[in-house]
Amino acid sequence: MNLPQIFKRYGLIFREKFGNSYYRQLLRLASMLAQDPLASLRQGVLKAMIGLTYDCQCSCSYCCAGLYPKNKEEELSAHEIKGLIKDIAKLPSIFTLVSFFGGEAILKESIFDLIGYAGSKGLFIETETNGI
């Protein structure tokens with residue numbers, strides 16, 4: 001069994017557990033590795049960090065978010081962030097991880113919509129939070 005066949009076989013389990021967008025990313029990886037393993041590995045992994053807001057419940061002295069004014073008009077809109085995510089999804093990499101952070105990223109009203117949109121583009125997502 002060659003590499004794409006292995007990925008397809010085990011990818012079905014992956015698809016059931018994690019959904020179509022990650023399954024497509026897995027197949028893309030298998031295809032890249034099958035065509036040119038070294039070239040695809042040179043592309044590596046991409047992590048894009050997107051600051052959503054300066055809002056936070058805390059005012060920690062070591063956090064740079066506290067240095068900025070909490071002005072919602074200066075933040076990127078959900079539409080602008082989706083455009084950024086769309087551009088990030090086009091970049092060549094084996095896996096692309098989008099990290100949402102802030103202040104407190106969960107305070108952004110559109111956070112769950114943005115997470116869903118990034119997932120629909122086949123991106124992996126993490127959200128940095130203070131946990132409060």
Side-chain angles (χ1 to χ4, degrees):
M1 210 177 332
N2 63 26
L3 194 58
Q5 290 171 333
I6 292 170
F7 271 92
K8 282 184 183 179
R9 181 176 179 184
Y10 294 102
L12 295 176
I13 297 166
F14 191 84
R15 176 192 232 166
E16 289 174 12
K17 193 166 186 175
F18 298 105
N20 280 331
S21 59
Y22 293 140
Y23 176 71
R24 286 193 304 271
Q25 187 103 350
L26 186 67
L27 289 181
R28 180 177 162 202
L29 171 61
S31 173
M32 289 168 62
L33 289 172
Q35 290 172 14
D36 187 357
L38 293 179
S40 61
L41 290 175
R42 280 192 294 272
Q43 287 182 359
V45 175
L46 174 66
K47 179 177 182 178
M49 298 179 69
I50 302 175
L52 298 180
T53 182
Y54 293 120
D55 282 345
C56 186
Q57 311 94 319
C58 305
S59 1
C60 305
S61 60
Y62 55 83
C63 179
C64 68
L67 301 174
Y68 297 95
K70 314 254 186 297
N71 186 352
K72 294 227 182 247
E73 289 147 14
E74 293 182 17
E75 294 178 2
L76 293 175
S77 69
H79 180 72
E80 291 170 319
I81 295 169
K82 284 182 178 180
L84 185 58
I85 291 168
K86 185 177 176 183
D87 291 342
I88 290 168
K90 293 177 185 175
L91 296 172
S93 69
I94 294 175
F95 290 104
T96 303
L97 170 68
V98 174
S99 177
F100 293 119
F101 72 101
E104 175 50 53
I106 301 295
L107 293 178
K108 182 79 170 179
E109 292 173 8
S110 56
I111 182 70
F112 298 107
D113 183 41
L114 295 170
I115 289 170
Y117 183 75
S120 74
K121 295 293 182 189
L123 304 173
F124 291 89
I125 303 113
E126 74 175 1
T127 303
E128 297 180 20
T129 178
N130 60 27
I132 296 176

>> According to side-chain contact (heavy atoms from CB on, under 4.5 Å), who are the partners of Asn130, at least two apart in sequence or on a separate chain?
In response: Cys56, Gln57, Cys58, Glu104, Ile132
> What salt bridge (charged side-chain N to carboxylate O under 4.0 Å, His left out) pairs are there with at least one residue in residues 122-132, not counting sequence neighbours?
Replying inline: Lys47-Glu126
>> Can you give me the closest heavy-atom contact between Ala89 and Leu123, atom names plus distance?
In response: CA-CD2, 3.9 Å
Result block: side-chain N/O donor-acceptor pairs under 3.5 angstrom for residues 105-112, not counting sequence neighbours:
residue : atom : partner : partner atom : Å
Lys108  : NZ   : Glu75   : OE1          : 3.4
Lys108  : NZ   : Leu76   : O            : 2.8

>> As a quick check of understanding, evaluate side chain to side chain contact (heavy atoms under 4.5 Å, CB included) for Ile115 and Thr127, giving each step before the final call.
In response: CA-CA 9 Å; Ile115 289 170; Thr127 303; 3.8 Å; yes
> According to the salt bridge (charged side-chain N to carboxylate O under 4.0 Å, His left out) rule, which pairs have a member within residues 76-88, sequence neighbours left out?
Replying inline: Lys82-Asp113
>> By the salt bridge (charged side-chain N to carboxylate O under 4.0 Å, His left out) test, which pairs, at least two apart or in different chains, include something from residues 48-60?
In response: Asp55-Lys72
> Is Phe101 isolated, or which residues cluster with it under the ILVMFWY side-chain rule of less than 4.5 Å, directly or via members?
Replying inline: Met49
> Ile50 versus Leu114: any side-chain heavy-atom pair under 4.5 Å?
Replying inline: no
>> For Ile85 and Phe100: C-alpha separation, side-chain torsions, deciding distance, then whether side chain to side chain contact (heavy atoms under 4.5 Å, CB included) applies.
In response: CA-CA 11 Å; Ile85 291 168; Phe100 293 119; 3.9 Å; yes
